[in-house]
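Since we're looking at a predicted model, the values are computed, not measured. Just the heavy atoms: all of them, side chains too, but no hydrogens, waters or symmetry mates, feed the values below.
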Amino acid sequence: MSMLAGTAHYEQWEKIHNLKQAVKTMNFLAKNKIEQRTDLLTRIEEMPRQAKRRGIV
């Protein structure tokens, strides 16, 4: 654990960092037209088949 953990500065940095990560996630989901949890689960299930077709696995 960092020496900064628990300080007001670290807590502010952590909040901003987490918000930025959330924005990245939301942008990815929107870009890939993943609007519901079921859409995400379907994509996850398809991944091994797609990798096999592409010769990745």
Sequence neighbours excluded - ring pair (Phe, Tyr, Trp, His ring centres under 6.0 Å) pairs with any residue from residues 34-57: none
First locate atom NE2 of His17, then atom OH of Tyr10, and finally report the distance between them rounded to the nearest 0.5 Å. 8.5 Å
Donor-acceptor list for residues 21-34 side chains, cut-off 3.5 Å, not counting sequence neighbours:
{"from": "Thr25", "atom 1": "OG1", "to": "Gln21", "atom 2": "O", "distance (Å)": "3.0"}
{"from": "Asn27", "atom 1": "ND2", "to": "Val23", "atom 2": "O", "distance (Å)": "3.4"}
{"from": "Asn32", "atom 1": "ND2", "to": "Phe28", "atom 2": "O", "distance (Å)": "2.9"}

Go through His9 and Trp13 one step at a time and tell me if the ring pair (Phe, Tyr, Trp, His ring centres under 6.0 Å) criterion holds. CA-CA 6 Å; His9 176 73; Trp13 173 88; 8.6 Å; no
What's the spacing between Met47 CE and Ile56 CD1 if we round to 0.5 Å? 9.0 Å
Atom pair OG1/CD of Thr42 and Gln36 - distance to nearest 0.5 Å: 10.0 Å
Atom CZ of Arg53 and atom CD of Glu46: how far apart are they, to the nearest 0.5 Å? 8.0 Å
